[in-house]
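Below is one structure, written out as structure tokens; comments come after it.
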There are 2 protein chains.
Amino acid sequence: MSLTSPFPLRLKQARTRKGLTQQQLGVLLGLDPNNASARMNQYERGKHAPDFTTLKRIAELLNVPVAWFYCEDDLEASIVDAAHQLTAEQKKALLAFIEKLKNQP
Amino acid sequence: MSLTSPFPLRLKQARTRKGLTQQQLGVLLGLDPNNASARMNQYERGKHAPDFTTLKRIAELLNVPVAWFYCEDDLEASIVDAAHQLTAEQKKALLAFIEKLKNQP
DNA sequence: TTGCAAACTAAGAAAACCTTAGTATACCTT
DNA sequence: AAGGTATACTAAGGTTTTCTTAGTTTGCAA
């Protein structure tokens, strides 16, 4: 992970938004309480990266789509987060709107 | 990676869209031509997952945002892909539109 | 200052990925 | 049909990473 992944920052954003400590989040994930704090800290500092199963569980607990963790730009992150809460019908309306945007100077 | 990551499928979608073989893509990434095929295949079959640096280079070569690889729903993937091609101004307009959508039955 | 909660870290054990050395499959061409 | 070639795919061991252990550091409140 020599290039910086957006994951550590996004993880911290979503965790603090929920008012959880690193250890609390780790325990909620089902990690061993003895090392929950160490592991979550390693993720949040970018020291290590979790596998997909862990990533998915974190996303569910924090109510964000997994893709949100990899948004490099804040505006894109907001869009992904907001779109995640729409119905399929609303998402289709959203796509149509984007197409209109693209065909406008 | 016991839960299935969307990455393998999205990788294949983006690679074939560009008309590249697994080996060609690997070589373009700067992988050793002797194992480029094996590695890309392992990614695409979900056998192994690349680190962020590799993920980012793949995304750039295939013209998608990294987040797109982690979209679990096709509609969300289309939105992320389309939004990626907008200007900051257009993204703001998009966010405003989403807020309107949410406040409508 | 002391006590405690939260954040953070080094280092070895454990698990994952990367490289090597192929095999399997599909599709042409002769 | 057989052979050749391009592409996809895989097992297994060496290498590199993560996970666990056992703490230290930081910040804040009593």
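Sequence lines set the chain letters: A, B, ... in the order given, protein chains first and strands last, and positions in each chain run from 1.
- Counting only heavy atoms from C-beta on, A:K47 has its side chain closest to C:dA10 among C:dA10, D:dT18, D:dT10.
- Separating the CG atom of A:L31 from the P atom of D:dT21 is a distance of 12 Å, rounded to the nearest angstrom.
- Distance CG (A:L20) to C1' (C:dA7): 15 Å, rounded to an integer number of Å.
- You'll find a donor-acceptor pair under 3.5 Å spanning the side chain of B:Q42 and the base of C:dT19, going by distance alone.
- The interatomic distance linking B:Q23 (CD) with D:dT5 (P) rounds to 16 Å, in whole Å.
- No donor-acceptor contact under 3.5 angstrom links the side chains of B:N41 and B:K47, judged on distance only.
- Closest to the side chain of A:R39, from the set D:dC19, C:dC18, D:dT7, is D:dC19.
- Looking only at atom types and distance, the side chain of A:T54 has a donor-acceptor partner in the side chain of A:D51 under 3.5 Å away.
- In the interface, the side chain of B:Q24 is not paired with the base of D:dT7 through any donor and acceptor atom under 3.5 Å apart.
- Out of D:dC9, D:dT18, C:dC8, the shortest distance to the side chain of B:R45 is found at D:dC9.
- Set against C:dC17, C:dT20, D:dC19, the side chain of B:N35 has C:dT20 as its closest nucleotide.
- The residue A:E44 sits apart from the nucleic acid: no heavy atom pair falls under 4.0 Å.
- Atom CZ of B:F7 and atom C1' of C:dC17 are 13 Å apart (whole Å).
- Of the listed nucleotides (C:dA7, D:dA8, C:dT20), D:dA8 has the atom at the smallest distance from the side chain of B:N41.
- If you take CG of A:D32 and P of C:dA14, they are 15 Å apart, rounded to a whole angstrom.
- A donor-acceptor pair under 3.5 Å links the side-chain atoms of B:T87 to the main chain of B:Q90, judged by distance alone.
- Phosphate contact (OP1/OP2 of D:dA8, side-chain N/O of B:R15, threshold under 4.0 Å): present.
- Distance B:N34 CG to D:dG14 P: 19 Å, rounded to the nearest Å.
- The CD atom of B:Q22 sits 14 Å away from the C1' atom of C:dA26 (whole-angstrom rounding).
- Below 30°, between 30° and 60°, or above 60°: for A:Y70 and A:F7 the angle between ring planes is below 30°, a parallel geometry.
- A straight line from CG of B:L29 to P of C:dC18 spans 12 Å, rounded to a whole angstrom.
- Counting only heavy atoms from C-beta on, A:A38 has its side chain closest to D:dT21 among C:dA6, C:dT20, D:dT21.
- At a cut-off of 3.5 Å, with distance as the only test, a side-chain donor of A:R10 or A:Q13 sits close to an acceptor on the other residue.
- Taking only side-chain atoms of A:T21, from C-beta outward, the nucleotide of C:dC17, C:dC8, C:dA7 with the closest atom is C:dA7.
- The side chain of B:Y43 places an N or O atom within less than 4.0 Å of a non-bridging phosphate oxygen (OP1 or OP2) of C:dC18.
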